[in-house]
*Asks:* 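Just passing along the structure, written as structure tokens.
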Amino acid sequence: MEYKKDFLHAIVEEDLKSGKYQEIITRFPPEPNGFPHIGHAKSIYINFGLARDYNGRCNLRMDDTNPTTEDTKYVEALKDAVKWLGFEWDGDVRYTSNYFQKLYEYALQLIKMGKAYVDSVSEEEMRELRGTVTEAGKRSQYANRSVEENLDLFERMKNGEFQDGKHVLRAKIDMAAANMKMRDPLLYRIKNVHHHRTGDTWCIYPMYDFAHCLSDYIEGVTHSICTLEFENNRDIYDWVIDTLGLEPPRPYQHEFARLAINYTVMSKRKLLELVEGNHVSGWDDPRLPTIAGLRRRGYTRESILNFCESVGVAKANSVVDVAQLEFCIRDDLNKKAPRVMCVIDPLKVTIENYEGSEELEASCYPADVAKEDSRKLPFSKEIYIERDDFEENPPKGYFRLTPDQPVRLKHAYIITCKEIIKDANGKIIEIRAEYHPDSKSGQDTSGIKVKSAIQWVEASSAKRVELRLYERLYKNEQPQGLEDLNPDSLHVIKNALIEPAVIEQKPDERFQFERQGYFYADPIDYTDANPVFNKIVSLKDSWKKKEQKQPASKPKQKVKPVQVDGEVAPMSQEEQALFDRYTSKLGLNSEVANTIARDADLASFYSEALAVANSPITLANIVANEVARELKEQGAIKLSAKQVAQLVAMIDDATISSKIAKEVFEQMVKTAKDPKQIVEEQGLVQISDPAVIEPIIDEVIAKNPDNIAKYKAGNTKLSGFFVGQVLKATGGKANPKIVNKLVAEKLKSI
RNA sequence: UGGGGUAUCGCCAAGUGGUAAGGCAACUGGUUUUGGUCCAGUCACUCGGGGGUUCGAAUCCCUCUACCCCAUCCA
């Protein structure tokens, strides 16, 4: 694959390469209990994207195990979202509820294995029995029911003989598990409710932890990708599949960090609160991060997809700057949207020396956009310009119309201000101007230099339009609740004026209103009598920024948080004794001594090896680093002390370098061979002869003229690069100390 | 507090013992009939802190710190 790989792509690629799977199957498994938002888009993009990238398949599965919160209207919204983003699920839409019968049979199997039981304690009691994060829980008195009794009870649960909450089916795992999720998790609960798909067929419904892994298995899913908060659930996922002894290929769960964006909220609860409290106009309110909202706002699928790609996939909880999303839509629309002129806050301009009217041909795209189209622009002596584009007392650097500064009317003529007309309150209500007949756009011979070209509309032909200008929904970067809502997130402009072609010819749905931003014809409220446009996003505006910055340019100082150094647990008496012996008798440095003394396994290994080796320091270094790693990763040390002692001897007599020693150590662990044998078999003996090394250095230098130049230019860090190259060329066998010295000399001499 | 995770620029994010990628944002300058776009350039001697191992550490070891998740009959 050409592009940059995230960790999920890396896992899939590895699994395919190793032959673990012939083909990958992923799935997007939403619960149909809310409207999809841009966080779902990320998940959709990951799951469908993975399938696309590796010629696999991706299912769309409604995870409908909780009939009390779910509804078919959400199912439709979810399907729409996937389709709109341009993805196709494999086969039909799947439903966990389709597997209820199979799931039930698996549960029976677990009961028969003695791995599941019907519990009948109250909810409250169950909570108490579960224990806390620091205390183990206790099994309820019902846990030792016989298989027959469990089977009977479960059957009756299914038959609807009990009220909700009377009994549950639980897995029999471990009430003392450190992972709370493993303390006999619930598998089934009784819910005498109507399910939106299975109707009244079932009175018991499976829990997520039981249904999800098995649904994945049933569908042949290979990579079950979910968000970080399910990390603890992975143990149950594996337990269910392992305990049932399901044949491979089986699915494995992998977790990534869900998407968060600043100045907005993504949780179902908070979104619901906004909609139900009428703080927004509905699920498709253009200020919402819902797919429906984004669509109504005018975001394109390409922009959303690019956004998902650009934020990447990782495991760190992070909050993406909304500016990144805005960049994506601007970037997309810049290439696509026709440019038209709209005046939001009109100021009348009368061109005194212009008589009659004409139609100007105006291109819809600037020269740098590879599209071509044009429209007719009526022109006469009465026009409107943006109020902002005239200043009687302009600030420094103002490029637009002023009493002394002419300006070009985009696609038309240059005008000069002649007179300012104000009302009784001193508000400017009209500009009287003159145009320069020889300055017509495209055939300008006037020689007048203007600093900018502004948008305008001709008075008699302009159409009135409604504009909905959106700002961020929240005023806080990381909003908590309703109190953080931005009271000015919506501005409705009833009387904006737009050039007639936009309304009469409807050349597109999305436009760039020149110099202002991208707008979208509202798909619902737009009518010919009352055209409505939603602002998708503003154009970048470096002038506004410059203006605003002047007063508020305070140098922000970076406050580094104080790093508290916690207390180190004191050593036990025995540890202290060992530590003292290591440092005073054996000459170990305190850090290495500390590492070994505090770890009983390392200490015993060390003392064992010490008996057969007589190089306490080198040995200690290996124990405190390599052996410690092995112990950490494997949970046990499989090497004999003698083998390690042998390795130490080879380091001490310079047979091998410490770099090679690490490599040998890893092989010793893997193959259980003696280090001597490994070194012999692979010819790993260190090369220390300068006569052998020098030509290799010369070769490396000759091969890297660019880096030599950089080195000469002062990048002295590059010496490490050359050492590395030489070492690589010798398969790591060159004596690094000597290489280092020789490289330094060579580099100095050139 | 037990367990599970995560920390690399203002915001995302590569990097798996050998030159700290890239994008967004920001800032210069150039082009421009959009203060847009585009182009050129600047922006981490350092990777949460402190030690250790190594010729060489963001990467290996020890240790400390901060943040997130888990004690729903939700998913």
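Atom set for the values below is all heavy atoms of this structure, side chains included, hydrogens, waters and symmetry mates excluded. The chains referred to below are lettered A, B, ... by the order of the sequence lines, with proteins before strands, and numbering in each begins at 1.
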*Asks:* Of the options B/U53, B/G35, B/G49, whose atoms approach the side-chain atoms of A/Trp543 most closely?
*Replies:*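 Closest nucleotide among those given: B/G35.
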
*Asks:* Using the P atom in both, what is the distance from B/C24 to B/A40, to the nearest Å?
*Replies:*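 Pairwise P distance, B/C24 against B/A40, rounds to 13 Å.
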
*Asks:* For B/U34 and A/Lys540 - does any side-chain N or O of the residue sit under 4.0 Å from the phosphate oxygens OP1/OP2?
*Replies:*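 So the side chain of A/Lys540 is outside the cut-off, no N or O lying under 4.0 Å from OP1 or OP2 of B/U34.
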
*Asks:* So if I take every side-chain heavy atom of A/Phe721 and compare against B/G18, B/C73, B/A75, which nucleotide ends up nearest?
*Replies:*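 That would be B/G18.
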
*Asks:* Using a distance-only criterion (donor-acceptor N/O pair, under 3.5 Å, no hydrogens), is the base of B/U34 paired with the side chain of A/Gln516?
*Replies:*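 Side chain to base: no pair present.
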
*Asks:* Is A/Asp565 side chain donor-acceptor paired with the B/U65 base, going by distance under 3.5 Å alone?
*Replies:*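 By the distance-only test, no, there is no pair.
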
*Asks:* Side chain of A/Met180 only, please: which of B/C12, B/G2, B/U37 is the nearest?
*Replies:*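 It is B/G2.
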
*Asks:* Base, sugar-phosphate alone, or nothing: which one does A/Val313 contact when heavy atoms must sit under 4.0 Å apart?
*Replies:*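 Sugar-phosphate, backbone atoms only, no base.
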
*Asks:* Round to the nearest Å and state the distance from A/Glu514 atom CD to B/U37 atom C1'.
*Replies:*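 Answer to the nearest Å: 11 Å.
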
*Asks:* Measure CZ/A/Arg330 against P/B/G36 and give the value in whole Å, please.
*Replies:*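 Those two atoms, CZ and P, are 11 Å apart.
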
*Asks:* Heavy atoms only, 4.0 Å cut-off, all strands: where does A/Tyr188 land among base, sugar-phosphate and nothing?
*Replies:*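 Since no nucleic acid heavy atom lies under 4.0 Å of A/Tyr188, the category is nothing.
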
*Asks:* With sugar-phosphate meaning primed atoms plus P, OP1 and OP2, does A/Gly312 contact a base, only sugar-phosphate, or nothing at under 4.0 Å between heavy atoms?
*Replies:*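 Counting heavy atoms under 4.0 Å across all strands, no contact is made by A/Gly312.
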
*Asks:* Taking N and O atoms by type only, does the side chain of A/Asn232 place a donor or acceptor under 3.5 Å from a partner on the base of B/G3?
*Replies:*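 By the distance-only test, yes, there is a pair.
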
*Asks:* Passes side chain to side chain contact (heavy atoms under 4.5 Å, CB included), A/Phe511 versus A/Arg339? Steps please.
*Replies:* CA-CA 6 Å; A/Phe511 300 90; A/Arg339 273 63 168 172; over 6 Å; no

*Asks:* What's A/Arg339 touching, base or sugar-phosphate or nothing? Going by heavy atoms closer than 4.0 Å.
*Replies:*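 Base: the residue A/Arg339, judged by heavy atoms under 4.0 Å, touches a nucleobase.
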
*Asks:* Tell me which nucleotide among B/G5, B/G17, B/C64 gets nearest to the side chain of A/Val568.
*Replies:*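 Comparing B/G5, B/G17, B/C64 against the side chain of A/Val568, the answer is B/C64.
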
*Asks:* Choosing from B/G4, B/U65, B/U53, which nucleotide comes nearest the side chain of A/Gln563?
*Replies:*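 Nearest to the side-chain atoms of A/Gln563, counting from C-beta on, is B/U65.
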
*Asks:* Below the 4.0 Å mark, does B/C74 have OP1 or OP2 next to a side-chain nitrogen or oxygen of A/Lys191?
*Replies:*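 A/Lys191 to B/C74 OP1/OP2: side-chain N or O found under 4.0 Å.
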
*Asks:* Can you tell me, in whole Å, how much space there is between the P of B/G35 and that of B/C43?
*Replies:*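 It works out to 30 Å between them.
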
*Asks:* Give a yes or no on whether a donor-acceptor pair under 3.5 Å exists between the nucleobase atoms of B/G35, that is its base, and the side chain of A/Arg400.
*Replies:*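 Counting by modelled atom types and ignoring angles, a donor-acceptor contact under 3.5 Å is found here.
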
*Asks:* Side-chain N or O of A/Arg234 versus OP1/OP2 of B/C70: is the shortest distance under 4.0 Å?
*Replies:*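 False: A/Arg234 side-chain N/O out of range (4.0 Å or more) of B/C70 OP1/OP2.
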
*Asks:* Name the nucleic acid region contacted by A/Val320, choosing base, sugar-phosphate or nothing; use a 4.0 angstrom heavy-atom cut-off, strictly under.
*Replies:*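 If one applies the 4.0 Å heavy-atom cut-off, A/Val320 turns out to touch the sugar-phosphate alone, with no base involved.
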
*Asks:* Answer with yes or no whether A/Asn594 presents, from its side chain, a donor or acceptor under 3.5 Å of a partner atom in the base of B/G52.
*Replies:*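 Not at all, since no donor on one side and acceptor on the other fall under 3.5 Å apart.
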
*Asks:* Remember a base hit wins even if backbone is also touched, and classify A/Asn334 as base, sugar-phosphate or nothing at under 4.0 Å, heavy atoms.
*Replies:*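 It contacts base atoms.
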
*Asks:* P atom, B/C69 versus B/U1: distance in rounded Å?
*Replies:*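 Nearest-Å result for B/C69 against B/U1 at atom P: 16 Å.
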
*Asks:* Taking the side chain of A/Ala316 as its heavy atoms from C-beta onward, which of B/G18, B/A7, B/G36 lies nearest to it?
*Replies:*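 Among B/G18, B/A7, B/G36, the one nearest the side chain of A/Ala316 is B/A7.
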
*Asks:* Is there a donor and acceptor pair closer than 3.5 Å between the side chain of A/Glu135 and the base of B/G2?
*Replies:*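 Between B/G2 and A/Glu135, which were checked side chain against base, a qualifying N/O pair under 3.5 Å is absent.
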
*Asks:* What's the closest nucleotide to the A/Ala628 side chain, out of B/G35, B/C61, B/C73?
*Replies:*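 For A/Ala628, the side-chain atoms sit closest to B/C61.
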
*Asks:* Apply the syn/anti split at 90° from 0 to B/U65 and say which one it is.
*Replies:*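 Anti, angle beyond 90° from zero.
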
*Asks:* Report the nucleotide, chosen from B/C60, B/C70, B/G18, that has the shortest atom-to-atom distance to any side-chain atom of A/Asn625.
*Replies:*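 It is B/C60.
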
*Asks:* In whole Å, what separates the P atom of B/G49 from that of B/A7?
*Replies:*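 Each nucleotide's P atom is 14 Å from the other's.
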
*Asks:* When the distance from NZ of A/Lys138 to P of B/A71 is rounded to whole Å, what number comes out?
*Replies:*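 It is 19 Å, rounded to the nearest whole Å.
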
*Asks:* Taking atom C1' in both B/C9 and B/C55, what distance in whole Å separates the two?
*Replies:*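 The answer is 30 Å between these two C1' atoms.
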
*Asks:* Rounding to the closest angstrom, what is the interatomic distance between B/C74 and B/C62 at atom C1'?
*Replies:*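 Nearest-Å result for B/C74 against B/C62 at atom C1': 41 Å.
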
*Asks:* With RNA chain B as reference, determine whether A/Arg408 or A/Ala323 sits nearer its 5' end, using the nearest nucleotide of each.
*Replies:*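 Comparing both residues, the 5'-ward one is A/Ala323.
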
*Asks:* For A/Val564, report the nucleic acid contact type (base, sugar-phosphate, nothing); a contact means any heavy atom under 4.0 Å.
*Replies:*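 Sugar-phosphate, no base atom in range.
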
*Asks:* Would you kindly check whether a donor in the side chain of A/Ser658 faces an acceptor in the base of B/U54, or vice versa, at under 3.5 angstrom?
*Replies:*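 In this structure, the two groups form no donor-acceptor pair.
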
*Asks:* Mind checking the P distance from B/U34 to B/G41? Whole angstroms is fine.
*Replies:*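 My reading of the P atoms in B/U34 and B/G41 gives 24 Å.
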
*Asks:* When you compare B/U59 with B/G17, how far apart are their C1' atoms, in angstrom units rounded to a whole number?
*Replies:*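 About 7 Å, rounded to a whole number of Å.
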
*Asks:* Nearest to the side chain of A/Glu31 - B/G52, B/C74, B/A71?
*Replies:*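 The closest nucleotide is B/C74.
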
*Asks:* Go through the steps for A/Phe230 and A/Tyr237 under the test ring pair (Phe, Tyr, Trp, His ring centres under 6.0 Å), then give the verdict.
*Replies:* CA-CA 10 Å; A/Phe230 291 98; A/Tyr237 191 102; over 10 Å; no

*Asks:* Side-chain donor or acceptor of A/Arg515 under 3.5 Å from a matching atom on the base of B/U34?
*Replies:*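 Check fails, no donor-acceptor contact within cut-off.
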
*Asks:* Would you mind telling me which of B/G17, B/A25, B/G36 lies closest to the side-chain atoms of A/Pro366?
*Replies:*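 Comparing B/G17, B/A25, B/G36 against the side chain of A/Pro366, the answer is B/G36.
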
*Asks:* B/G56 base to A/Lys737 side chain: any donor-acceptor pair below 3.5 Å?
*Replies:*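 Under the 3.5 Å cut-off, the side chain and the base do not form any donor-acceptor pair.
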
*Asks:* On RNA chain B, nearest-nucleotide positions of A/Ser542 versus A/Ile190: which is more 5'?
*Replies:*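 The answer here is A/Ser542.
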
